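Report on one structure; see the data block that follows.
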Amino acid sequence: MKTEDYIALEEQYGAHNYNPLDVVITRGEGVWLYDAEGKRYLDCLSAYSAVNQGHVHPKILEALQTQAARLTLTSRAFHNDQLPLLYKELHDMTGYEMSLPMNSGTEAVETALKLARKWAYQVKGVPRYDAEIITCEGNFHGRSISVVTFSDEELYRNDFGPFTPGFIIAPYGDAPAIEAAITPNTAAVLVEPIQGENGVILPPEGYLQRLSQICDQHSVLLIADEIQTGLGRTGRLFASEHEGVRPDMLIIGKALSGGFYPVSAVLADKAIMGLFTPGEHGSTFGGNPLGAAIARAALQVIQEEKLIENASILGEYFIEQLVEIPSPHVKEVRGKGLMIGVELSPEAGGARRFAEALQKDGILLKETHEHVLRFAPPLVIERETIDWALPHIRRALNIP
Ligand SMILES: *Cc1c(COP(=O)(O)O)cnc(C)c1O
């Protein structure tokens, strides 16, 4: 079958909740993707950072194959021999005392919100069902009804109400605005250290540190959603580390499985995570041995292959080179590590046509919001590959 045949099937039989580029990927290896006609592309999206380790990483593949042949799912009614090892390795790598595994990122966000509410009632003494959680304008935390409750993107919310009470939206990057929104009933502040889906928005320097202090002063939990920024993407294990901040709860997903399988987790110390008691929360697939074995291998690859250092060094290089590109369309280049946004001027006619121009040249990415091109290749990328891509990017950023 050809590209147009696949697309026609999808058009006819699939829900139209996406608007993908006209490319059908059939194979991936490292930073490269191949379409139905065998054309090669550099992946600059990395499945929104789920494939930080590169496509079909052989080591993670091996872990998947070995574990899939042994045991895949027991439910949490029984223990399995992979999850305890994942717990220990997550602890050793992150320093958090405990973790709770789920599947999708959204589920981990929901888990953190439940836990924050429970903490508010049981520890902080907020009257039952009065807990408030402060979120930020421009956030993206997933698609469940509760999570889109506090999205300010009309597209994500329209027609999906009624919504969940107990959430407040404050401006992003503005610590005093968060402080002003805190009341005695505030359980937590939920924040992305960098807003990826909002167009790679970096808050002002010191923002997270200030938030951390404010949360401490007011006895409010700081929850960092590092589903996209975490596990090396920004040149640190967690983006919070750039400001020396250790959030009370940290949410990870995406690259936790290197793109093989949905695995997410909430990390916290025992004083918080210990509040969950048996039966209060769970998931049939969460913490299953297949997912746990994959996550263990995915974490190991990040460490062994020094992907965090690579993201830091090559991210800096990539940004330097992008800044040098003369273009009538570029308003700003910004980013941290290999999480890079090129913001185009409003007159440029939207980022989509630039993504389509890059696609012709063998580079795949997606416009992020209307005017931002996000460059976020797998963290296994090499300098030579960036050098290969730069002339193509230069050309695309200069189309009329
Ligand atoms: C992708 C993402 C989510 C949602 O994860 P899913 O696995 O799609 O449910 C939540 N928060 C952030 C910051 C994300 O990038």
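All values reported here derive from a predicted model rather than from experimental measurement. Order of listing sets the numbers, starting from 1, for every ligand and every atom in it.
Put simply, the side chain of His141 never gets that close to the backbone of Asp225: no donor and acceptor are under 3.5 Å apart. The main-chain N or O of Ile201 is never found under 3.5 Å from a side-chain atom of Asn198 such that the two would form a donor-acceptor pair.
In this view, Phe167 and Phe150 satisfy the ring-ring contact (aromatic ring centres under 6.0 Å, His included) rule, not counting sequence neighbours.
Cation-pi geometry between Arg246 and Tyr96 is met: under 6.0 angstrom from the ring centre, within 45 degrees of the axis. No cation-pi contact links Arg128 to Tyr121, judged by a cut-off of 6.0 Å to the six-membered ring centre and 45° from its axis.
No side-chain N or O of Ser312 forms a donor-acceptor pair with one of Glu309 less than 3.5 Å apart.
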Which pairs of N or O atoms, one from ligand 1 and one from the protein, are separated by less than 3.5 Å, and what is the distance for each pair?
unit_1: ligand 1; atom_1: 7 (O); unit_2: Gly105; atom_2: N; d: 2.8
unit_1: ligand 1; atom_1: 9 (O); unit_2: Gly105; atom_2: N; d: 3.3
unit_1: ligand 1; atom_1: 9 (O); unit_2: Thr106; atom_2: N; d: 2.8
unit_1: ligand 1; atom_1: 9 (O); unit_2: Thr106; atom_2: OG1; d: 2.5
unit_1: ligand 1; atom_1: 11 (N); unit_2: Phe140; atom_2: O; d: 3.3
unit_1: ligand 1; atom_1: 11 (N); unit_2: Asp225; atom_2: OD1; d: 3.4
unit_1: ligand 1; atom_1: 11 (N); unit_2: Asp225; atom_2: OD2; d: 2.6
unit_1: ligand 1; atom_1: 15 (O); unit_2: Gln228; atom_2: NE2; d: 2.8
unit_1: ligand 1; atom_1: 15 (O); unit_2: Lys254; atom_2: NZ; d: 2.6

